[in-house]
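Notes follow once the structure below has been shown.
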Amino acid sequence: MDNRLVLYNTLTRKKEKFEPLNPPFVGMYVCGPTVYSDVHLGNCRTFVSFDLIFRYLTHLGYKVRYVRNITDAGHLEGDNDEGDDKFAKKAKLERLEPMEIVQKYTLGFHEVLRLFNTLPPSIEPTATGHISEQIEMVKKIIEQGYAYEVNGTVYFDVEKYVKEYDYTILTNRKLDDLLNNTRELNGQDEKRGRLDFALWIKAKPEHIMRWPSPWGVGFPGWHIECSAMSSKYLGDQFDIHGGGMDLAATHHTNEIAQSQACNHMQPAKYWMHTNMLTVNGTRMSKSAGNGFLPHELFSGSHPLLERGYSPMAVRFFMLQAHYRSTLDFSNEALEAADKGYRRLMNAMALLPKLNATAKNTEIKVDELKARCYAAMDDDFNSPVLIAELFDAVRIINSAYDGKLTLDEPSLVSLRTLMQDFVHGVLGLVDDNTGSDDFEKLMDVVISLRNEAKHSKDYTTSDRIREGLSSIGIQLKDSKDGTLWNKI
RNA sequence: GGUCGGGUGGCCGAGUGGCUAGGCAGAGGUCUGCAAAACCUUUUACAGCGGUUCGAAUCCGCUUCCGACCUCCA
């Protein structure tokens, strides 16, 4: 097993050597979506990033248990007992039961991630399926003295917590600044401290999603589900906790506090945060109204797009940036990524057609392979990996053109390398191949055109080529025959 | 206002104290019936100003611009 993997830990703000608590097992928890609306591309980026991480850890031989939750309980719009439950609000708008909303957007989420070729997590627990675990955890936190109940609502006592623990460990903020920047408590507020947050919230009469608890009928606060479910499936302490960077300051900070108060240990050894997808330099988000929906991108129906892009081209686009960098979304950038993706896929398609020769012309596949691992070992640096793979693309194309030769071991090694990294680690597949029937049909068309060419009937051969081009099929002649691909 | 992260060539986007990132686009060439594809060659960089250093785009300081978080969002 590779032991040179280094990853950036938000907890320490440094790259650290990856040493799992119980090798070869790795526990990874990633905060999933709140399924009250369509996922947008920014959400997708996070899940594609963690898919890359999951795939690489698995590729290295780790036995990864990847837990990603579905948030389907009725959290409030704000972190206090005001505002509407998002599901109830949406249910009213769409005239559906809250659980119909949950079902609809859960299915949509799965469909989109399937199109992006992400592997399903090992466990995908839902918040509503773990109400009792959450209640148990709240009870334990109260027992430990870090929470208090007021009129059926339970609050986490941050002021007590900060006496023993570092509340701002994840984001390195100063407690005084947090206090100064938080709303004043108003007269009706039940909370003792300004930074206190709800673990369990008393349901108002109109609140639909509600469960009985020791404190009366209510629903869980918006951080407790992740603490409860991660410890249930991965233990009180596990290896990696991930999510979008936007979750670090509040959600993850409170998760750590809850787990520490309950179990007296850091829940995760490594905290990993993925950066935001931006549009014109500004974060893509639901509330800002600049969110692209996946189907708008695939079909090109979004007003800012000139055309549609395939899910795999978009995945490639995302992987060409490092997960901790922002990635800016534009027509030009997508266009470039799409072409690069096709170039990579075309080379992949040539790989089986290559023939080994007796001698190798100075191609050192082992060195290339080492560079690929070095790239991924350095905090999952997929852009550098892709740059290395384009070296392989050049080798493959040159070999196909007969401009260099590969001996049998090199060719086998090259094929394995490309298979492992392009398909296995990057999760890229060719979305442009047709069905078997279609392939056979193209063989017929191409042979007709080649007959015309041989008889110097270029009018006919060009008509075929232009006709195919007009329906998006590009022909590529070479000495060994004619290849085609969809544009 | 506080905390943090950035400003890299036409675009996207890596990286680094001295050695070509890569993709796309542009230019020239090879191949080709023509084209495409492919291959070869090639132009455009590191926000600004100081400092450390034999050497900085890379480290330090200042300036400036941008963004994220601090309020629901991956």
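Heavy-atom basis, side chains included; hydrogens, waters and symmetry copies ignored. Below, read A as the first sequence line, B as the second, and so on, with proteins coming before strands; counting in each chain starts at 1.
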Charged tip of A:Arg68 within 45° of A:Phe50 ring normal and under 6.0 Å: no
With a cut-off of 3.5 Å and sequence neighbours excluded, list every side-chain donor-acceptor pair involving residues 394-401 of chain A.
| unit_1 | atom_1 | unit_2 | atom_2 | d |
| --- | --- | --- | --- | --- |
| A:Asn397 | ND2 | A:Val393 | O | 3.4 |
| A:Ser398 | OG | A:Arg394 | O | 2.9 |

Just the dot-bracket of RNA chain B, please: which string comes out with Watson-Crick or G-U pairs under 3.5 Å, [ ] for crossing, | for another strand? (((((((..(((.....[...))).(((((.......)))))....(((((..]....))))))))))))....
Between [N] and [M], how far is it from one [atom1] atom to the other, in whole Å?
| N | M | atom1 | answer |
| --- | --- | --- | --- |
| B:rG51 | B:rA14 | P | 32 Å |
| B:rC19 | B:rG33 | P | 44 Å |
| B:rA27 | B:rC60 | P | 41 Å |
| B:rC65 | B:rG55 | C1' | 29 Å |
| B:rU30 | B:rG7 | C1' | 41 Å |
| B:rG23 | B:rC59 | C1' | 30 Å |
| B:rU16 | B:rA21 | C1' | 10 Å |
| B:rG28 | B:rU43 | P | 15 Å |

For [X], which contact category applies under a 4.0 Å heavy-atom criterion: base, sugar-phosphate, or nothing?
| X | result |
| --- | --- |
| A:Asp328 | sugar-phosphate |
| A:Thr282 | sugar-phosphate |
| A:Ala333 | sugar-phosphate |
| A:Gly243 | sugar-phosphate |
| A:His273 | nothing |
| A:Gly291 | nothing |

Check whether any side-chain N or O of [X] sits under 3.5 Å from a backbone N or O of [Y] as a donor-acceptor pair, and report yes or no.
| X | Y | value |
| --- | --- | --- |
| A:Arg45 | A:Met276 | yes |
| A:Ser122 | A:Tyr66 | yes |
| A:Asp196 | A:Asp157 | no |
| A:Asn69 | A:Glu124 | no |

Can you give one letter per nucleotide of nucleotides 28-39 of chain B, going 5' to 3': B for a protein heavy atom under 4.0 Å from the base, S for sugar-phosphate only, - for none? -----BBBBSSS
Restricting to salt bridge (charged side-chain N to carboxylate O under 4.0 Å, His left out), what partner residues turn up for [X], sequence neighbours left out?
| X | answer |
| --- | --- |
| A:Arg210 | none |
| A:Lys202 | none |
| A:Arg55 | A:Asp51 |
| A:Asp477 | A:Arg449, A:Lys453 |

Pairs where residues 324-350 of chain A contributes a residue and the test ring-ring contact (aromatic ring centres under 6.0 Å, His included) is met, not counting sequence neighbours: A:Phe292-A:Phe329, A:Phe317-A:Phe329
Can you list every pair that meets ring-ring contact (aromatic ring centres under 6.0 Å, His included) and has a residue in residues 270-290 of chain A, with sequence neighbours left out? A:Phe18-A:Tyr270, A:His241-A:Trp271, A:His252-A:Trp271, A:His252-A:His273
To the nearest 0.5 Å, how far apart are CE in A:Met272 and CD1 in A:Ile53? 3.5 Å
Using a heavy-atom distance cut-off of less than 4.0 Å, which residues of residues 108-122 of chain A contact RNA chain B? none
Does A:Phe156 have any ring-ring contact (aromatic ring centres under 6.0 Å, His included) partners at least two apart in sequence or in another chain, and if so, which? A:Tyr161, A:Phe197
Among B:rC72, B:rG13, B:rA74, which nucleotide sits nearest the side chain of A:Leu327? B:rG13
Among B:rG23, B:rC12, B:rC73, find the nucleotide with the atom closest to the side chain of A:Phe390. B:rG23
Under 3.5 Å, which N/O atoms of the protein pair with N/O atoms of nucleotides 14-21 of chain B?
| unit_1 | atom_1 | unit_2 | atom_2 | d |
| --- | --- | --- | --- | --- |
| B:rA14 | OP1 | A:His322 | N | 2.8 |
| B:rA14 | OP1 | A:Ser325 | OG | 2.9 |
| B:rA14 | O3' | A:Asn381 | ND2 | 3.4 |
| B:rG15 | OP1 | A:Asn381 | ND2 | 3.1 |

Check the pair A:Glu335 / A:Arg307 against salt bridge (charged side-chain N to carboxylate O under 4.0 Å, His left out), numbers first and verdict last. CA-CA 9 Å; A:Glu335 194 71 41; A:Arg307 68 174 183 91; 3.1 Å; yes
